[in-house]
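Since the structure comes first, as structure tokens, the remarks are kept for the end.
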Amino acid sequence: MGIHRLNHAVLYVSDLARSVAFYSDVLGFRPVAMTPDGFRGATFLQAPDSTNDHDLGLFEIGAGTGRSTAGRSTVGLYHLAWEVDTLDELAATAERLAAAGALVGTSDHGTTKSLYGKDPDGLEFEIVWLIPADLLDDGALAARKQITRLDLDAERQRYGGQTKGGVGISVPA
């Protein structure tokens, strides 16, 4: 089986309207009219510039539910990671996340430059830019074995703010 990428994710949320607003206003997702007739409590969203039918499904389970304890007291999903095309877009996303009080960290993983956020239910996600294959060097590849602080300004100077990122650790053409 040749898996190529994650097509979509489905999350349980406590307040559907609040979650739709967060993913739409902060991350630019847009609702897709595909909820089956008579089915309530779900919204399907598509990421900006996505070619997927949908990228995220949100299913409401109600306000009386608790936040996820995955990784603290139960097993479960740690986070999803979405890729942006440029470091300028990563920087703009960092600003939007910070303004929404949802930015919880940043990391430099060598070949990937990452932001971490939490949605209104405390579900964590990652926004990432990948160094394109033709710009990978031994230093970036070796740095995958450590996690350091992300310096977005330095990365934009090094790679250019509008340089299109790679797809995974892609092979140069």
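For the numbers below, each heavy atom of this structure counts, side chains included, while hydrogens, waters and symmetry mates do not.
If you check the side chains of D88 and Q162, you find a donor sitting under 3.5 Å from an acceptor. For T69 and R72, the side-chain atoms include no donor-acceptor pair closer than 3.5 Å.
Counting heavy atoms from C-beta on, the side chains of D151 and D108 never come closer than 4.5 Å. For the pair L56 and L11, the minimum side-chain heavy-atom distance is below 4.5 Å. Between V20 and V13 there is no side-chain heavy-atom pair separated by less than 4.5 Å. Taking 4.5 Å as the limit, every side-chain heavy atom of L45 sits out of range of all side-chain heavy atoms of V32.
Using cut-offs of 30° and 60° for the angle between ring planes, the H8 and H54 rings count as tilted. Ring geometry for W82 against F29 counts as perpendicular: the plane angle is over 60°, on a 0 to 90° scale with 30° as the lower cut. Note on ring orientation: taking the six-membered ring where Trp is involved, the planes of H109 and Y116 are perpendicular (angle over 60°, cut-offs 30° and 60°). Ring geometry for Y12 versus F59: interplanar angle over 60°, hence perpendicular rather than tilted (30 to 60°).
Note: R18 CZ to D119 CG = 8.0 Å, rounded to the nearest 0.5 Å. Atom CZ of R156 sits about 8.5 Å away from atom OG1 of T86, to the nearest 0.5 Å.
For E126, the salt bridge (Lys or Arg N to Asp or Glu O under 4.0 Å) criterion is met by no residue, not counting sequence neighbours. Applying the salt bridge (Lys or Arg N to Asp or Glu O under 4.0 Å) criterion to R30, with sequence neighbours excluded, gives no partner residue.
The side chain to side chain contact (heavy atoms under 4.5 Å, CB included) test with K113 singles out one residue from L90, V84, T106, L130, and that residue is L90.
Across all non-hydrogen atoms, the minimal contact from V128 to S114 is CG2-OG, 3.7 Å. Taking both residues in full, the closest heavy atoms of V26 and A100 are given as CG2-CB, 3.7 Å, listed atom of the first, atom of the second, then distance. Shortest non-hydrogen contact noted between S14 and D121 is OG-OD1, 2.5 Å. For the residue pair A9 and L80, the shortest heavy atom distance occurs at CB-CD1, 3.5 Å.
Residue D137 places its CG atom among more than 12 non-hydrogen atoms of other residues, nucleotides or ligands, all under 6.0 Å distant. Environment of CG in N7: crowded, with over 12 heavy atoms of neighbouring residues, nucleotides or ligands closer than 6.0 Å.
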- Task: Go through E155 and L150 one step at a time and tell me if the side-chain contact (heavy atoms from CB on, under 4.5 Å) criterion holds.
- Result: CA-CA 8 Å; E155 298 300 332; L150 176 62; 4.0 Å; yes
- Message: side-chain contact (heavy atoms from CB on, under 4.5 Å), that's the test. Do T112 and I131 meet it? Break it down for me.
- Response: CA-CA 6 Å; T112 62; I131 299 173; over 6 Å; no
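Salt-bridge annotation for K164 and E89: absent, with no side-chain N of the basic residue lying under 4.0 Å from a carboxylate O of the acidic one.
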